[in-house]
Amino acid sequence: MYMCVCMCMYPCLFILNLMIVIKQWCVHDIKIAAWLLNPEKVPETLADVKQIFPLDQVTDPGDACKVSSKISSLENLENFYSVIKDQLKEQNLFSLFINVEVKLIPVLSVMELRGIKVNKNTFLEEKKILQERIQQVEKEAYKVAGRKFSINSHPQLRQVLFDELKLDSKLQKITLTTVNNLKSTCEAVLEALKDYHPLPQLILEYRHLVKVKSTYVDGLITHIQNGLLCTTWDQTAAVTGRLSSANPNLQAIPKLPVCLTKSENQSGTAKRPEQKVLRIRDPFISQEGWSLLAADFQQIELRILAHFCHDEKLINAFRGPNHSDIFIQLTSLWLKKPLEYITSVEREKTKRVVYSVMYGVGKVRLASYLSIPENEAGTVIENFLNRFPGIKQFTKKCITECKKTGYVCSLLKRRRVLPHLNSMNHVLQMQAERQAINFLIQGSAADICKSAMVEVENEIAAHTNLHARLLVQLHDELLWEVPDIELEATKCLVKKVMEDTGRLLNQQVILEVPITVSLSVGKTWGGMTSLPP
DNA sequence: CGTAACGTGGTGAGG
DNA sequence: TCCTCACCACGT
C-alpha cells in the first residue's frame, strides 16, 4: 500500500488513471481533511487552507496557486498535513477520515472513470415525444388565450393573464414578485387560478414539460460520450457528509414516470384510458450479458431515529420477523388500529408526519402535504410525538447537549459546528436546532451508506470470481452492473455486507435496530423488478 | 446602445 | 421550513 498526501482528489487520481494503481494508493487528501474539520468551508487551494487554519509553523505556500498543478508545493503539503492530522485526531475525526473517506476516494474515482451505459436512441425518442407534446400544449394555450404571445416570457404572460383576462380579480390576494412588486405568474398563483380559466393549467403543464425536456433529456444527451454518462462525484460538497453528483447530476433523475396526457380531475376515474407516460430512467441500461442490480437501505433514516430515541415502540416496530413495512406498523401503533385495517391513505399520511418530524418540517408545510388546515397539522404532529415520547425526549436532550459543545456528531463522529445554537436571535437559534437534528440523522445515514460502498467494493474485490461494477450512489441506494451469471452470488454478497451494521460502523457502535436492504434487478434503470426478501 | 458575463430567485428532481 | 444540483428568466 502506497501512501500519498494530496490536495483535491481529481488531479492526483486522474493523472494516474490506472485503476490497478489507484486501488493500491491510500490518498490522504487535505481538502477532505479540512472539510471534515469544517464542512461549511471547503478550501480549493493551499492558500485557502492557510487562511482557514492559520498555521504559523508551516512555511508559506506562496500566493493562491492551484496546488493541484504545482509539484513544488509538495513539501508544504506534508507540513500542512501533519498539522491537520493532529487536529483530526484531537477532534476524533481521524478514524472516519482513514476508515471511510480515504477509502472511498478510489471507489469514487473508479466510478467516475467507468460511467453508466445509456441508449442514445431512447433519449432521442423521448426528446421527440416531449417536443410534440410541448408544441401541442403551446398551441392550445394560444387558443384559450385568444392570441399568440411569447409563452416563456413572464411579462407577456402577466399581460395576458391579468390585463386581458383579468384573472387576478378572482383572487382576494395575489403574490407580487419580490424584485419589482409586479403581479407574479409563479406556480402558486397559477395553481390558484386554474379553476377559473384553462390557461393557467396549460402554462403549468407547459413549464413542467419544458423543464423535464431541457433538464433530463437535452441536458443528459449533451453529456453522453461513447455511449456512456460519466458524472463527477464531489466528496466535500455537502455539510451533512453526503456525496453529491454533478455534470450531470445522476442523483436527481426522476424516478416516477412523467405524465404526458392531461391530468384530468381525478373525480371521474372510471376506466381511465391508458395514461401516456415517459420513464426518464429507461435509457440507462446494462451492457450485453449484464444486468443492473440495485440495493436500497429500507427507511434508513427512520431506523437511525429509532436507534437514537431508544423509544421502545419505535424500536420494536423494526424488530421481529415482519418489519418490512414499517409505516403500516407505525400507523397501527399511532391510530391503535389492527394492521389489516390500515388504508394506504393512512399509511402515506403517517409517512409524511414521520418525515416532517424528522426533517424539522413545520406545521405549514405539513398542512399543505396533508391538505388540511394548519392548526390541524399542529395537532397531528403533537399527537404523533405524544404517541412516541422517545422522539421528543431525544430531540430535547440532543439539543441541550449540542448547546453545551456548539456542535453535533453523527454515528461515526462526523461533526458540524453550529454557532447559532446559542444565538440571541430566536429565528437563527431555531434554525440551528433543526439543522442539528437533521445532521444527526442525515449525517449518520451518510456514514452508513459511504461505509457500505467501501465494504461491498472490498468484498467484491476479494472474490476474484465476481466482477460487479459500482455505477451510482443515490444516498440510500447503490446501483451495480453485474454479469448475468454472477447475479445470484453478487446479490447474496451485497445483502450480507450491507445488513452487517457492526461491520459498516467499524464495530464502534451497536445499532439498536436492524438495517434491512431490498434488492431489485433489471436490464434498464427504468424497469427494475424488486426481489423477494 | 447592444451584448456578454455573472448573480439571484423561483421551481422542481432526488434523498 | 433538512440537504443537494440544474434550468430558466431576469436584473445588473
Side-chain angles (χ1 to χ4, degrees), chain A residues 39-40 150-158 175-180 182 184-191 203-204 206-220 222-223 231-258 280-281 296-302 304-305 352 354-369 374 377-378 381 395 408 410 416 418 427-428 430-446 448-449 472-479 525:
Chain A
E40 322 266 344
S150 183
I151 195 163
N152 289 316
S153 159
H154 289 188
Q156 288 196 36
L157 177 62
R158 182 152 38 234
T175 318
L176 299 177
T177 56
T178 44
V179 186
N180 287 336
L182 295 167
S184 174
T185 60
C186 73
E187 217 60 28
V189 171
L190 295 177
E191 199 67 38
I203 299 290
L204 287 170
Y206 176 85
R207 285 186 185 167
H208 178 232
L209 293 173
V210 165
K211 170 112 190 183
V212 167
K213 179 170 175 290
S214 63
T215 309
Y216 305 112
V217 181
D218 300 343
L220 288 175
T222 64
H223 283 98
T231 187
T232 302
W233 297 102
D234 194 334
Q235 212 169 333
T236 59
V239 286
T240 50
R242 300 219 298 198
L243 285 176
S244 89
S245 150
N247 304 307
N249 177 4
L250 294 184
Q251 291 177 317
I253 308 296
K255 186 171 189 157
L256 298 174
V258 172
I280 301 294
R281 291 184 173 187
D296 188 322
F297 283 115
Q298 295 183 310
Q299 313 102 7
I300 186 161
E301 298 192 341
L302 184 53
I304 289 168
L305 179 73
R352 291 186 174 172
V354 170
Y355 282 112
S356 298
V357 170
M358 261 165 56
Y359 290 130
V361 169
K363 284 182 275 186
V364 180
R365 186 94 146 258
L366 181 65
S368 89
Y369 284 165
E374 268 177 51
I381 290 184
T395 310
V408 219
S410 72
R416 180 176 185 186
L418 291 161
V427 177
L428 289 180
M430 298 303 284
Q431 184 178 12
E433 289 182 6
R434 287 190 302 271
Q435 286 171 331
I437 299 294
N438 186 65
F439 179 89
L440 193 56
I441 308 283
Q442 211 180 88
S444 298
I448 292 176
C449 297
V472 183
Q473 187 246 37
L474 301 129
H475 303 121
D476 62 355
E477 182 180 344
L478 297 172
L479 188 68
W525 196 18

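Labels below follow one simple rule: chain letters A, B, ... track the order of the sequence lines, proteins then strands, and each chain is numbered from 1. This is a predicted model, so every value here is computed, not measured.
The OG1 atom of A/T231 sits 4.5 Å away from the CG atom of A/L250 when rounded to the nearest 0.5 Å.
With rounding to whole Å, A/L250 atom CG is found 13 Å from C/dC5 atom P. Between A/D234 atom CG and C/dC5 atom C1' there is a gap of 11 Å when expressed in whole angstrom units. Following rounding to the nearest Å, A/H475 (NE2) and B/dA13 (P) show an atom-to-atom distance of 16 Å. Atom pair A/F297:CZ and B/dG14:P shows a separation of 21 Å (rounding to whole Å applied). To the nearest angstrom, P of C/dA6 lies 17 Å from CD1 of A/I280. Between the P atom of C/dC7 and the NE2 atom of A/H223 lies a distance of 7 Å, rounded to the nearest Å. One atom, CG of A/D476, and another, C1' of C/dT4, lie 14 Å apart when rounded to the nearest Å. The nearest whole Å value for the distance from the CD atom in A/Q473 to the P atom in B/dG14 is 16 Å.
Here C/dC2 is the nucleotide among B/dG12, C/dC2, B/dA13 with the atom lying nearest to any side-chain atom of A/Q442. Of all nucleotides listed (C/dT4, B/dT11, C/dC2), B/dT11 comes nearest to the side chain of A/K211. The side chain of A/S244 sits closest to C/dC5 out of C/dA6, C/dC5, B/dG14. Among the nucleotides C/dC7, B/dA13, B/dG14, the one closest to the side chain of A/S214 is C/dC7. Distances were taken from every side-chain heavy atom of A/A246 (C-beta onward) to each of C/dC5, C/dC3, C/dC8; the shortest belongs to C/dC5. Of the listed nucleotides (C/dA6, B/dA13, C/dT4), C/dA6 has the atom at the smallest distance from the side chain of A/N247.
Minimum heavy-atom separation, A/A445 to A/I300: CB-CG2, 4.2 Å. Heavy atoms only, all atoms of each residue included: A/Q251 and A/W233 are closest at NE2-CZ3, 3.8 Å. Here the shortest heavy-atom pairing between A/I253 and A/R281 reads O-NH2, 3.1 Å. Heavy atoms only, all atoms of each residue included: A/F439 and A/V239 are closest at CE1-O, 3.3 Å.
Contact annotation for A/I253: backbone-only contact, meaning every heavy-atom pair under 4.0 Å involves sugar-phosphate atoms and none involves a base. Looking at heavy-atom distances under 4.0 Å, A/A237 makes contact with sugar-phosphate atoms alone, never a base. Residue A/L440 is classed as having no contact, given no heavy-atom separation below 4.0 Å to the nucleic acid. Within the nucleic acid shown, A/S356 has no heavy atom closer than 4.0 Å to any nucleic acid atom. Base contact: A/R242 has a heavy atom under 4.0 Å from a base atom. Residue contacts shown for A/V239 are limited to sugar-phosphate atoms, with no base heavy atom under 4.0 Å away.
With contacts defined as side-chain heavy-atom distances shorter than 4.5 Å, the pair A/V357/A/L305 does not qualify.
Close to B/dT11, at under 4.0 Å from its OP1 or OP2, lies no side-chain N or O of A/H208. An OP1 or OP2 oxygen of B/dA13 is reached within less than 4.0 angstrom by no side-chain nitrogen or oxygen of A/Q251.
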